Peer 1: 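Quick one: this structure, given as structure tokens, is what I'll be asking you about.
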There are 2 protein chains.
Amino acid sequence: MKECKLNLYDCPVTYTLSVLGGKWKWLIIYILSGEGTLRYGELRRNLSGITHKMLSQQLKELEADQLINRKEYHQIPPKVEYSLTQKGQTLIPILDLMCYWGETNWSKVNPDN
Amino acid sequence: MKECKLNLYDCPVTYTLSVLGGKWKWLIIYILSGEGTLRYGELRRNLSGITHKMLSQQLKELEADQLINRKEYHQIPPKVEYSLTQKGQTLIPILDLMCYWGETNWSKVNPDN
DNA sequence: CGGGATCCCTCAAGATACTG
DNA sequence: CAGTATCTTGAGGGATCCCG
């Protein structure tokens, strides 16, 4: 878990934000929640714009926080699959609300959509 | 709203994350949701660790996205009060879930608390 | 007291290349 | 294909000062 500069350190919200702080983490969880299990490359294609390094790093941190599973098939070429852990799945309700909030407030700004 | 590098740009979750992307925004909303109305200095004291520049900046962006109200009293010394807009208040359920999630998962890691 | 502007520097993140 | 290491850059953010 990242260092937290707040004196709000002993605040549950701060804790949650520190775990999910990485720029891409919510999105990675979100995509996995929709797709179930994805290989590294698939995940990467779903997050166009993310760099190789970034993705590896975020995945490693998410795994360390036990939010995602990493299943490695020892073969050539390598194959690694990622999926949500039970703990990771408990974040889905939050993402659902974020999704709902986004739908509600976004459409007002962009009538096109 | 910030530039978004994702092709997930047309995704509600991405939209939400882009609006609340700043490091302190969730926290600012959270504090205002608990306190109602706060002056600049009070807000700052509640977010120990945040710098002057950061706070101003985040507040300005939140105001631009219509998540907070800024009420300025034209007097010397100046007095400015911040509070949530209606739109800002619609984020509270998300923060409640984050709070709940933090409580649930944090205590497991830190038995002391 | 609230907030803007300026200077300056660190560190996050990109690019690239290499390995199993 | 998945992951790591190294080097590099630039912009995010800190410190400081000034102004209404």
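Every chain is numbered from 1, with letters handed out A, B, ... down the list of sequences. Bear in mind that the values here come from a model prediction, so they are computed numbers and not experimental data.
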Peer 1: Not counting sequence neighbours, list each pair that qualifies as a salt bridge (charged side-chain N to carboxylate O under 4.0 Å, His left out) and has a residue in residues 67-77 of chain B.
Peer 2: B:R70-B:E72
Peer 1: For the helix from C:dC1-D:dG20 to C:dG20-D:dC1, figure out the bend between the end axes, five pairs an end, and round to 10 degrees.
Peer 2: 40°
Peer 1: Is a side-chain donor or acceptor of A:S33 paired with a backbone partner of A:I92 at a separation under 3.5 angstrom?
Peer 2: no
Peer 1: Roughly how many Å is it from CH2 in A:W24 to P in C:dA13, rounded to a whole number?
Peer 2: 10 Å
Peer 1: So, does B:R39 get its side chain near the phosphate of C:dG2, meaning an N or O under 4.0 Å from OP1 or OP2?
Peer 2: yes
Peer 1: Between N or O atoms, less than 3.5 Å apart, protein on one side and nucleotides 3-5 of chain D on the other: list the pairs.
Peer 2:
| from | atom 1 | to | atom 2 | distance (Å) |
| --- | --- | --- | --- | --- |
| D:dG3 | OP1 | A:R70 | NE | 2.8 |
| D:dG3 | OP1 | A:R70 | NH2 | 2.6 |
| D:dG3 | OP1 | A:Y82 | OH | 2.8 |
| D:dG3 | OP2 | A:Y82 | OH | 3.0 |
| D:dG3 | N7 | A:H52 | NE2 | 2.3 |

Peer 1: Name all residues meeting the side-chain contact (heavy atoms from CB on, under 4.5 Å) criterion together with B:N69; count only those two or more places apart in sequence or in a different chain, and write none if there are none.
Peer 2: B:S83, B:T85
Peer 1: Rounded to whole angstroms, how far apart are CZ on B:R45 and P on C:dC1?
Peer 2: 9 Å
Peer 1: Write down the distance between CD (B:E61) and C1' (C:dG3), rounded to a whole number of angstrom.
Peer 2: 15 Å
Peer 1: In whole Å, what is the span from the NE2 atom of B:H74 to the P atom of C:dG3?
Peer 2: 11 Å
Peer 1: Any donor and acceptor pair, going by atom type alone, linking the side chain of B:E103 with main-chain N or O of B:Y100 inside 3.5 Å?
Peer 2: no
Peer 1: Sequence neighbours left out, what passes side chain to side chain donor-acceptor pair (under 3.5 Å) with A:E81? Give chain and number order.
Peer 2: A:Y73
Peer 1: Mapping A:I76 and A:T51 to their closest nucleotides on DNA chain C, which lands nearer the 5' end?
Peer 2: A:T51
Peer 1: Is the closest side-chain heavy-atom distance between A:Y82 and A:L38 below 4.5 Å?
Peer 2: no
Peer 1: Which residues satisfy the side chain to side chain donor-acceptor pair (under 3.5 Å) test with B:Q57, sequence neighbours excluded?
Peer 2: none
Peer 1: Could you state the atom-to-atom distance from NZ of B:K79 to P of C:dG3 in whole Å?
Peer 2: 13 Å
Peer 1: Using the closest heavy atom to pick a nucleotide of DNA chain C for each, name whichever of A:P77 or A:M54 lands nearer the 5' end.
Peer 2: A:M54
Peer 1: Write down the distance between CD (A:Q75) and P (D:dC1), rounded to a whole number of angstrom.
Peer 2: 12 Å
Peer 1: In whole Å, what is the span from the OH atom of B:Y73 to the P atom of C:dG3?
Peer 2: 13 Å
Peer 1: Measure the distance from NZ on A:K23 to P on C:dA12 and round it to the nearest whole Å.
Peer 2: 12 Å
Peer 1: According to side chain to side chain donor-acceptor pair (under 3.5 Å), who are the partners of B:W101, at least two apart in sequence or on a separate chain?
Peer 2: A:T90
Peer 1: Does A:Y40 have any ring pair (Phe, Tyr, Trp, His ring centres under 6.0 Å) partners at least two apart in sequence or in another chain, and if so, which?
Peer 2: A:H52
